[in-house]
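Below: the structure, in structure tokens.
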There are 2 protein chains.
Amino acid sequence: MRSEDRRELILAAAMRVFGDSGYVGTTTAEIARAAEVSQPYVVRMFGTKEKLFIEVLGRALDLLMQTFRGVVEQADGQDLHQRIGLAYVELAETPGLLLSLMHGFVLGNDPVIGREGRRGFMVVYRFLRHEAGFSAEEANQFLSGGMLINTMIGLRMAEDLADPDVRELMETAFPTKLDAMRGLLGEQR
Amino acid sequence: MRSEDRRELILAAAMRVFGDSGYVGTTTAEIARAAEVSQPYVVRMFGTKEKLFIEVLGRALDLLMQTFRGVVEQADGQDLHQRIGLAYVELAETPGLLLSLMHGFVLGNDPVIGREGRRGFMVVYRFLRHEAGFSAEEANQFLSGGMLINTMIGLRMAEDLADPDVRELMETAFPTKLDAMRGLLGEQR
DNA sequence: GTCTATACCAAGATAGAC
DNA sequence: GTCTATCTTGGTATAGAC
């Protein structure tokens, strides 16, 4: 296989596994197993585990921004907030994407991961404020909701959906298609 | 020193260090150094690193709930939302408290830490809904804001306050005494 | 481009002395 | 109650063959 294709496979596997166990908690051997290559090959291809994680963060941010820009281009209307929220939730379907970012965010103390995390977060903030037309307050609310969603995913809260309180929390935290429909019809929240 | 006092010292040190480096990224040796005891003593006192982390999570949750209940008892009025938000921000002054919780939250995949994290999060949610009188929507907004605050702290975003976008984001995310004053005077946001 | 074998180090935990 | 010494495991990274 061409090394470039292999690279993609390893990156996708790494995103998944990093999302599951965090940066430190993930071993290069687990990533290798998930990508069906040998452990030394993973290290050889990316240099170090740290560099691989940084690549995963960059990849996750790229996908996120690509999605957001797509939404803005398509919907130049009122319900941008709704649509972008929905798009965000759909990103949760890419294994490890939101969680790898989240793991990066809590490691701000680490000199290299922290720098990358802050940079990435601000890329999103600047997009919301200067391209998508969000006010500071709107951007704040959007990002807040996003962080709660990330937390719910990180906690695997969906495992306890039998509990009515959990169900209520989850249904309130996650924008649904239904909410989007309502928004498109112009009703109030 | 009595072992109970020593225990408190180690717990406080552990909370700080876990907050800095996360559960996996923290070594028992670092905690020991921070608490000025030997590494084996830390392990001996708590059994395993995992048990120590669980204790830290429990302690963090206790302090959080204690603070929240204090606010509710004192302020049986309108501005509960404001006051409780302020109280939350003040918890950030206890080193590692919010961050240890946050590290627990992203490790929901871990069988024992995940269980404890979900349980703790729901303790807070139930308190908001069934004791503090928040609606589902209000609880959601409060927790969302909290998760953004945790993320900003985790990212060490304050390091980049020279950047005007960062400053704006931080000022919007963190409830300030000023906002609280405004709230108490009955103005609208 | 990919593997096997392995060096090397760090970390959690245990034994046992004082 | 607290330490020093140490066992043991597991993980990153390197060497080098195919």
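By convention in this document, chain letters (A, B, ...) are assigned in the order of the sequence lines, proteins followed by strands, and residues within each chain are numbered from 1. Here the structure is a predicted model, which is why all the values come from computation and not from measurement.
- Residues satisfying the side-chain contact (heavy atoms from CB on, under 4.5 Å) criterion with B:Val89, sequence neighbours excluded, are B:Ile149, B:Phe174, B:Pro175.
- Legend: residues meeting salt bridge (Lys or Arg N to Asp or Glu O under 4.0 Å) with A:Arg115, ordered by chain and number and at least two apart, are absent.
- The stretch residues 2-19 of chain A touches DNA chain C through A:Ser3, A:Arg6, each having a heavy atom under 4.0 angstrom from the strand.
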Acceptor/donor pairs from residues 101-111 of chain A side chains to any protein atom, 3.5 angstrom cut, sequence neighbours excluded:
residue, atom, partner, partner atom, Å
A:His103, NE2, A:Gly19, O, 3.3
A:Asp110, OD1, A:Val112, N, 3.0
A:Asp110, OD1, A:Ile113, N, 2.8

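- Atom CE of A:Met45 and atom C1' of D:dT12 are 18 Å apart (whole Å).
- The ring pair (Phe, Tyr, Trp, His ring centres under 6.0 Å) contacts involving residues 145-166 of chain B comprise nothing, where partners must be two or more places apart or lie in separate chains.
- Remark: B:Glu171 engages B:Arg167 in a salt bridge, criterion side-chain N to carboxylate O under 4.0 Å.
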What string of B, S and - do you get for nucleotides 12-18 of chain C, 5' to 3', if B is base contact, S is sugar-phosphate-only contact and - is no contact with any protein heavy atom under 4.0 Å? BBB----

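- The interatomic distance linking B:Tyr41 (OH) with D:dG1 (P) rounds to 6 Å, in whole Å.
- Considering only residues two or more places apart in sequence or on other chains, A:Ala35 meets the side-chain contact (heavy atoms from CB on, under 4.5 Å) condition with A:Ile10, A:Ala13, A:Val37.
- Rounded to 10°, the angle separating the first-five-pair axis and the last-five-pair axis of the helix from C:dG1-D:dC18 to C:dC18-D:dG1 equals 10°.
- Within the nucleic acid shown, A:Met1 comes within 4.0 Å of sugar-phosphate atoms alone, with no base atom in reach, counting heavy atoms only.
- Scored by the side-chain contact (heavy atoms from CB on, under 4.5 Å) test, A:Ala136 finds A:Tyr125, A:Arg129, B:Glu168, B:Thr172 as partners (sequence neighbours excluded).
- A ring pair (Phe, Tyr, Trp, His ring centres under 6.0 Å) check over residues 151-171 of chain A, counting only residues at least two apart or in different chains, returns nothing.
- Rounded to a whole Å, the CZ atom of B:Phe46 is 12 Å from the P atom of D:dT2.
- Residue pairs that meet the side-chain hydrogen bond (donor to acceptor under 3.5 Å, both in side chains) test with at least one member in residues 8-24 of chain A, sequence neighbours left out, are A:Glu8-A:Arg59, A:Asp20-A:Arg156.
- For A:Arg7, the side-chain contact (heavy atoms from CB on, under 4.5 Å) partners are A:Met45, A:Phe46, A:Glu55, not counting sequence neighbours.
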